[in-house]
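Quantities reported herein were computed from a predicted structural model and do not represent experimental measurements.
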Amino acid sequence: MQLSLPVPELFSFAQNLSYLERSPLEILYTVQNGKVYRAIDAEGTALVVEIGMAADDSALLVRFLGDGPPPGAAVRAAATRYVRRWFDLDTDLRPFDEMAQKDTLLQEPARLYRGLRIAGIPDLFEAISWGILGQQINLPFAYTLKRRLIEQYGRRLEAGNQSYAMFPTPERIAGLSVEELRPLQLSSRKSEYLIHVAQLIGRGELSREGLLAEGDLARMEQALVRIRGIGPWTANYVLMRCLQMPTAFPIADVGLHLALKQALGWDRKPTIPEIRELAGGWSGWEAYATFYMWRLLY
DNA sequence: CTCCAGGTTGCGT
DNA sequence: ACGCAACATGGA
């Protein structure tokens, strides 16, 4: 069973693979021989997908691994949606490319990473959790926390002699107490945040669809920021990585500040007002601009 | 030892 | 509205 998903212009599978391979600490997917593997949840069915590139570079080829029966139409459709969001296949990047070539800060990364897509985190709970875990600590430690959370509370899926990790479901985390998460070395606060978000999602009070129904970015951000543990940074991070909002802009992000400092050759990080000024031309593409700037560092 | 990491909260002016 | 300590841990 193999699906073929045609890719848009300005899509580079090599660039996306290179991004996915950048951290050896990541355990939710693996890259081998030019293909990506991960377990996903498709309409309640867990399955492992293998994603590669067609020989003529025209389409992503998605295969379902495992010993079970071939997935039905609904599951295939859900898996397709997942892959489309993961690789952001539905964005026309040409306007960004045009803008970036004329932008002092972006022209270098736009050339280096041409065809790179914002790596989506299609699952809302995973996206918010990753945002919360990453708050205020260095990235390697954030990965350590994520790994512990996954090993302790996520399920594993076997396929083709391999074992694939899955991020814990909100239902699993919703029933935990702070005392159970603390030993993973999460702060009490972060433990509370995760459990609360898990409960909201588990009860259906928070969902990707519900957020999208808010209409515009400002309202989606408001809805997210009302949740304890989600501030402007996390809200915009989630809007960018999970909801594919091109104008999401985590402007207070330290990584962005460091990337700008480096690109500008300054001996200090730019201030927020300075960043607003520098990002004046990014209008409509703040998320992609941020992602490309990050790529300079990570 | 101090400062900073993909921040946010809650309390104090 | 704005400032600031606290939060947990690791690395420079």
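Remark: Arg63(A) engages Glu50(A) in a salt bridge (charged side-chain N to carboxylate O under 4.0 Å, His left out) (not counting sequence neighbours). Shown here are the ring pair (Phe, Tyr, Trp, His ring centres under 6.0 Å) partners of Tyr292(A), two or more places apart in sequence or in another chain: Phe96(A). Thr234(A) meets the side chain to side chain donor-acceptor pair (under 3.5 Å) test with Gln135(A); sequence neighbours excluded. Partners of Phe125(A) according to the ring pair (Phe, Tyr, Trp, His ring centres under 6.0 Å) rule, which considers only residues two or more places apart in sequence or in another chain, are Phe167(A). For Asp57(A), the side chain to side chain donor-acceptor pair (under 3.5 Å) criterion is met by no residue, not counting sequence neighbours.
Using a cutoff of 4.0 Å between basic side-chain nitrogens and carboxylate oxygens, Glu126(A) and Arg38(A) are scored as salt-bridged.
Non-hydrogen atoms lying under 4.0 Å from DNA chain B are contributed by Asp253(A), Val254(A), all within residues 250-257 of chain A. Within residues 262-291 of chain A, no residue has a heavy atom under 4.0 Å from DNA chain C. For DNA chain C, the residues of residues 175-203 of chain A within the heavy-atom distance limit of 4.0 Å (strictly under) are Arg182(A), Gln185(A), Ser187(A), Ser188(A), Arg189(A), sorted by number. For the segment residues 113-135 of chain A, residues with any heavy atom less than 4.0 angstrom from an atom of DNA chain B are, sorted by number, Gly134(A), Gln135(A).
A nucleotide of DNA chain C counts as in contact with chain A when one of its atoms lies under 4.0 Å from a heavy atom; the first and last such, 5' to 3', are dC7(C) to dG10(C).
For residues 251-260 of chain A, the set of pairs meeting the side-chain hydrogen bond (donor to acceptor under 3.5 Å, both in side chains) definition, not counting sequence neighbours, comprises Trp233(A)-Asp253(A), Asp253(A)-Trp294(A). The ring pair (Phe, Tyr, Trp, His ring centres under 6.0 Å) contacts involving residues 14-37 of chain A comprise Tyr19(A)-Phe291(A), Tyr29(A)-Trp86(A), where partners must be two or more places apart or lie in separate chains.
As a whole-Å value, the separation of Trp233(A) CH2 from dT9(B) P is 13 Å. Residue Ile230(A) contributes atom CD1, which lies 9 Å from atom P of dT8(B) at whole-angstrom precision. Here the C1' atom of nucleotide dT8(B) and the CG atom of Asn236(A) are 14 Å apart, to the nearest Å.
The side chain of Arg228(A) has dG10(B) as its nearest neighbour among dA5(B), dG10(B), dT8(B).
Judged by distance alone, the side chains of Ser191(A) and Arg182(A) never bring a donor and an acceptor atom under 3.5 Å apart. Between the side chains of Tyr237(A) and Arg241(A), at least one donor N or O lies within less than 3.5 Å of an accepting N or O.
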